[in-house]
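Read the structure below first, then the notes.
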Amino acid sequence: MHDIRLLRDQLDLVRDAMRRRGKLDELGPLLDRAESLERDRRSAITELEAQQARRNKLTQEVGQLRKAGADATALMAEARAAGDAIAVLEQRRSEADAAVQQMLYELPNITLPEVPEGGESANTVVRAWGTPREDGASIKPHWEVGETLGIIDLPRGAKISGSGFIVYRGAGARLVRALMNMMLDIHTDEHGYEECWVPLVVNRASMTGTGQFPKFEEDVYAITGEDLFLIPTAEVPVTNLYRDEILEIGELPKGFCAFSACFRKEAGAAGKDTRGLLRVHEFDKVELVRYATPETSLDELERLTGHSEVILQRLGLPYRVVLLAAGDTGFSSAKTYDLEVFAPGVGKWLEVSSCSVFTDFQARRANIRYRPAPGEKPKFVHTLNGSALAFSRIIASILEHWQQPDGSVRIPDALQPYLGRAELR
RNA sequence: GGAUGGGUGGCCGAGUGGUUGAAGGCGCACGCCUGGAAAGCGUGUGGGCAUGAAAGUGUCUCGCGAGUUCGAAUCUCGCCCCAUCCGCCA
């Protein structure tokens, strides 16, 4: 969510930001109305407050008269009239307010200057690590290896839940557990994150705080009969840990890592990259969340992205870091790096992490502030998060990149102690 | 699910219709004191919005919403949340 003052004072800047996202056709009309919506809101406030001031004054005089035992009937009538006027103005104010609020909820964040404008085709690879295998033709896709090895059971996942729900079995189940432990150990022991274990079910305020709601409510699973929702990412509960709180400057930057299952409807995505583990309704992920000051948040994004990269390096998986173009950058994000791993069996780069800085966009929604110095006014923090990493696609990558000619799969050294074996066969 | 008790400022905690935005305490800031610190003493200190160049002024805010009233933190109704007990249960 933006500061309304930005739309008031720098509408052109907002308009240009929407253009760079390729959203001007969609959001231009909304922006055209912004000025009049905001003007309405402010004139409603001004008139309302004038009446309120008048009534407050009358009311006080009534009190004094009555205390003195005098007759206050005339003043009381006048105050009542002011009250009636206030009721009307209040209605107008709340309508104008809601209109502005709704507009603010619809507008995505403004991407930073270094983010290329345009859509997905303008994404740029900023660096790469490792060497992708080129013998893809001889490599079986992960769903075949997984089935052969008896570690992934897609048919039974579909039977008990539906397409897009995975059953891991035997060493596959243990692989999930191993990945969780390895990632969390590295982030806590080496990168200094505080580990936390959060609810998978959150309320509406939390979903609104991180930007999922109101715009993307149809993308998440809701609990019938309750105003509760399954999280699409641990970003939601972890970022909302400090919703409506004021942090002390000494607490920043602050970093959390959390393992969680993630639930996504993925409606409308049918047919695209849906084989095997590539796009599923429920997957596991270790998430990193950081709270920072505006001064350091950009550096924090680099740091956070680096933390995610460490995991890929330990797993020996070749990857590239992609700076997303404005049009491909998520609604709440100001700048996003995707980490993509090459999966030679399917011949594709798989997005296994998305690391973003949200500037104050989420903090304003979730009302997360910090006090820059003792006695100073609170300011909004900057929030960041990144996957480190999403399991299902990592498992797919491991099964393909580390696949041996005989169909077995070598386990990366760093993972071996956690899995308790050096290969899957 | 049932019962009871609660939701007040950064935190704790008074306050049952009229200068109460809110006593007191903690914390924090500044000053005094001190060789320096602690303690002690003094002063100050919520957040949002509108307006204004600023100082300031106005307004809202005591979980949320509606109602009663000239006037609500305070009375009424509905809702939400928290705690405890009972029930159920991994």
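Lettering of chains follows the sequences in order, A, B, ..., and the numbering in each one begins at 1.
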With A/E300 via side chain to side chain contact (heavy atoms under 4.5 Å, CB included) - residues at least two apart: A/P253, A/R290, A/A292, A/T296, A/R303, A/L384

Residue pairs fulfilling side-chain hydrogen bond (donor to acceptor under 3.5 Å, both in side chains) with at least one residue in residues 388-403 of chain A, sequence neighbours excluded: A/H142-A/E400

Partner residues of A/F380 under the ring-ring contact (aromatic ring centres under 6.0 Å, His included) criterion, sequence neighbours left out: none

Listed by chain and number, what are the side-chain hydrogen bond (donor to acceptor under 3.5 Å, both in side chains) partners of A/R365, not counting sequence neighbours? none

For nucleotides 43-70 of chain B, 5' to 3', base contacts (B), sugar-phosphate-only contacts (S) and non-contacts (-) with protein non-hydrogen atoms under 4.0 Å give ----SSBSS------BBS---------B

RNA chain B in dot-bracket, Watson-Crick or G-U pairs under 3.5 Å, [ ] crossing, | other strand? ((((((((.[[[..)..(.....]]]((((((.......))))))((((((....)))))).[[[[[..)....]]]]])))))))....

Write out all pairs satisfying side-chain hydrogen bond (donor to acceptor under 3.5 Å, both in side chains) with one or both partners inside residues 163-177 of chain A, taking only residues at least two apart or from two chains. A/D153-A/R169

Show each protein N/O and nucleotides 73-79 of chain B N/O combination with a separation under 3.5 Å, one pair to a line.
none

Sequence neighbours left out, what passes side-chain hydrogen bond (donor to acceptor under 3.5 Å, both in side chains) with A/Q52? Give chain and number order. none

Side-chain donor-acceptor distances from residues 60-87 of chain A under 3.5 Å, at least two apart:
residue: A/D71; atom: OD1; partner: A/T73; partner atom: N; Å: 3.4
residue: A/D71; atom: OD1; partner: A/T73; partner atom: OG1; Å: 2.4
residue: A/D71; atom: OD2; partner: A/T73; partner atom: OG1; Å: 3.3

So if I take residues 195-213 of chain A and measure heavy-atom distances to RNA chain B, which residues fall below 4.0 Å? none

The ring-ring contact (aromatic ring centres under 6.0 Å, His included) partners of A/F283 (sequence neighbours excluded) come to none

